[in-house]
S.K.: 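Structure incoming, see below.
Proteins get letters first, then strands, A, B, ... in listed order; numbering begins at 1 in each. Basis for what follows: all heavy atoms, side chains included, without hydrogens, waters or symmetry-related copies.
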Number of protein chains: 2
Amino acid sequence: MRKLFSRISSLEQKKLMKLLETSILYYKKDSTIFSTLQTNMIGIMLEGHAQIIRTDYNGNKTIIEELKEEAVFGSFISGLTSNECDVIAKEDCKILVIDYDRIIEDEKNNHFSYYVQFIKNLLEITTDIIDDKNNRIEILTKKSIRDKLLEYFNIYSRKHGTHIIYLPFSYTDFSYYLAVDRSAMSRELKNLRDEGFIETKGKRITLLYR
Amino acid sequence: MRKLFSRISSLEQKKLMKLLETSILYYKKDSTIFSTLQTNMIGIMLEGHAQIIRTDYNGNKTIIEELKEEAVFGSFISGLTSNECDVIAKEDCKILVIDYDRIIEDEKNNHFSYYVQFIKNLLEITTDIIDDKNNRIEILTKKSIRDKLLEYFNIYSRKHGTHIIYLPFSYTDFSYYLAVDRSAMSRELKNLRDEGFIETKGKRITLLYR
DNA sequence: TATAAAATGTTGCAAATGCAACATTACACT
DNA sequence: AGTGTAATGTTGCATTTGCAACATTTTATA
């Protein structure tokens, strides 16, 4: 994962945070970090662990994203706008908050090299995010559950250069990621097993084709 | 739409293009601009009009994106990686090509204010793109065709602040965007009409609910 | 304006999937 | 270790959707 402060020394980092008038916020376990309202804010998880959670009209909760250390998040990144999403601290968290508009609008900081580096890092992170979103869209546009699974496997396999997949989330969350019914997905995984395309053991899936 | 060269004078723009060693390429109508291979390149359509087109294993072609003047495109933006996508000129085109790696890696240019402005512009464009991708994902994750349509309508309506929708593409392409069968979508639109939720006339859809 | 080509509308049918309900297993917490 | 909770596996059934085939309308092009 790319980092927001790579190629920036800790001294420069301090100057930068002064420049951007960032603030550091602390949250206790189980407290709400962001609600939908705050917009144009970028959060960087310095310490701790949180989850972006959506609650739909039925009250069902789904984990949209896991936020570990170094994770960058915010409304414009995660698509929180107009959705009923909250960011909930699963441990005590220390979060750096930056006003996105300040980054873009201020011109007086342009001559600080570390400031430019910071923006480049942010640009790299956003293009990585686009890449992830493109992958998900590629998967979601497949018509059948089988094709969605296989596309996920292909992308994972290509990215990691391996035929053994370790699911980074539970099967329940996996079905949400693919936007299909969990039990139907389970059925299709069984079909793929029976037909000899894959082997599974827990969250490890081995691709047997090709 | 945001522009890559906003807040940059034409003189600075020239300097910038020298700095980044950009090149301007000309393409005749119906010629192929990008094939899948070229990666890490950003294209800016200066003059003309092109389409990003995917050809699947059946030979079916679908328009992924329309590229009009000022449009920014490239593998990392459009998810062209590993897909059978081509960019085809529909008119004679004049395209500015920039090596993305050069933007990110070079540090010697950091002190040019217009260079920083350029990167900021690029950052803004990428965050806008993320926003679009998030919207599409939001739509694609709906289970039924009806819900996909309604979600599209809602997002459009919110963005444009109107209850009258002018589809920016054909119904055929619309069904591709929603990743559903065209005839099934047509059927569902008819249902929505019959139930009094919408009125349609060509590509104009009027929302009657709420 | 004529004609071909593309887009759109419509329908029957088969197949895939969502849904619900329940059994079984894994996991977390005390 | 024991107990409650969450995750996963399984299956029948109703519904939705994709697919195919064709009619009709619109658009593009000579």
S.K.: Of the listed nucleotides (dC19(D), dT8(D), dT17(D)), which one gets closest to any side-chain atom of Glu188(B)?
M.R.: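 Of all the options, the side chain of Glu188(B) is nearest to dT17(D).
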
S.K.: In whole angstroms, how far is the P atom of dT17(D) from the CG atom of Asn191(B)?
M.R.: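 Rounding to the nearest Å, CG of Asn191(B) and P of dT17(D) are 10 Å apart.
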
S.K.: Check every atom of dG18(D), dT17(C), dT8(D) against the side chain of Ala184(A) and return the nucleotide holding the closest atom.
M.R.: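 Among dG18(D), dT17(C), dT8(D), the one nearest the side chain of Ala184(A) is dT17(C).
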
S.K.: Using whole Å, what does the distance between atom C1' of nucleotide dA6(D) and atom CZ of Phe169(A) come to?
M.R.: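 Roughly 18 Å, once rounded to whole Å.
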
S.K.: Axis-to-axis angle across the helix from dT1(C)-dA30(D) to dT30(C)-dA1(D), five pairs an end, to 10 degrees?
M.R.: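 Roughly 70° between the end axes, to the nearest 10°.
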
S.K.: Just how far, in rounded Å, is P of dA16(C) from CG of Leu149(A)?
M.R.: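 Those two atoms, CG and P, are 14 Å apart.
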
S.K.: Checking salt bridge (Lys or Arg N to Asp or Glu O under 4.0 Å) for the pair Arg193(A)/Glu199(A): CA distance, chi angles, key distance, verdict?
M.R.: CA-CA 6 Å; Arg193(A) 266 195 304 271; Glu199(A) 271 174 5; over 6 Å; no

S.K.: From dC19(D), dT10(C), dT8(D), pick the nucleotide closest to the side chain of Lys203(A)?
M.R.: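 Taking heavy atoms from C-beta onward, the closest nucleotide is dT8(D).
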
S.K.: Taking only side-chain nitrogens and oxygens of Ser186(A), does any of them come within less than 4.0 Å of OP1 or OP2 of dG9(D)?
M.R.: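 Affirmative; the distance criterion is met.
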
S.K.: Kindly indicate whether a cation-pi arrangement holds for Arg158(A) with Tyr152(A), taking the cut-offs as under 6.0 Å to the six-membered ring centre and within 45° of the axis.
M.R.: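 So Arg158(A) doesn't make the cation-pi contact.
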
S.K.: Quick check, are the ring centers of Tyr166(A) and Tyr156(A) under 6.0 angstrom apart?
M.R.: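 Centroid distance Tyr166(A)-Tyr156(A): not below 6.0 Å, so no.
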
S.K.: Can you tell me the distance, in whole Å, between the NZ atom of Lys90(B) and the C1' atom of dA28(D)?
M.R.: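 Whole-Å distance recorded here is 13 Å.
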
S.K.: Identify whether the distance between the nearest side-chain nitrogen and carboxylate oxygen of Asp194(A) and Lys190(A) falls below 4.0 Å.
M.R.: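 Yes, Asp194(A) and Lys190(A) are salt-bridged.
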
S.K.: Could you tell me the separation between the CG atom of Asp147(B) and the C1' atom of dT17(D), rounded to a whole number of Å?
M.R.: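 Going from Asp147(B) (CG) to dT17(D) (C1'), I get 14 Å.
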
S.K.: Salt bridge or not for Arg146(A) and Glu195(A), using N-O below 4.0 Å?
M.R.: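 Yes.
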
S.K.: What nucleic acid atoms does Ser183(B) come within less than 4.0 Å of, heavy atoms only: base, sugar-phosphate, or nothing?
M.R.: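 Base contact - Ser183(B) has a heavy atom under 4.0 Å of at least one base atom.
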
S.K.: Could you label the plane-to-plane angle of the Phe169(A) and Tyr177(A) rings as parallel, tilted or perpendicular, counting under 30° as parallel and over 60° as perpendicular?
M.R.: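 The rings of Phe169(A) and Tyr177(A) sit tilted, inter-plane angle from 30° to 60°.
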
S.K.: Of all the nucleotides listed (dT8(C), dG18(D), dT11(D)), which has the minimum atom distance to the side chain of Arg187(A)?
M.R.: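 So the nucleotide nearest the side chain must be dT11(D).
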
S.K.: With Lys94(A), which residues qualify under salt bridge (Lys or Arg N to Asp or Glu O under 4.0 Å), at least two apart?
M.R.: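 If we apply the salt bridge (Lys or Arg N to Asp or Glu O under 4.0 Å) test to Lys94(A), skipping adjacent residues, the hits are Glu47(A).
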
S.K.: Do the side chain of Ser170(A) and the base of dA6(D) come within less than 3.5 angstrom through a donor-acceptor pair of N or O atoms?
M.R.: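 Per atom types, no contact qualifies.
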
S.K.: Measure from CG on Asp181(B) to P on dT17(C) and round the result to the nearest Å.
M.R.: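 These atoms are roughly 14 Å apart.
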
S.K.: Look at the side chain of Arg182(B) against the base of dG18(D) and say whether a donor-acceptor pair falls under 3.5 Å; ignore hydrogens and angles.
M.R.: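 Checked by distance alone, the answer is no.
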
S.K.: Can you tell me how far P of dA16(C) sits from NZ of Lys143(B), to the nearest Å?
M.R.: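 Rounded to whole Å, this separation is 19 Å.
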
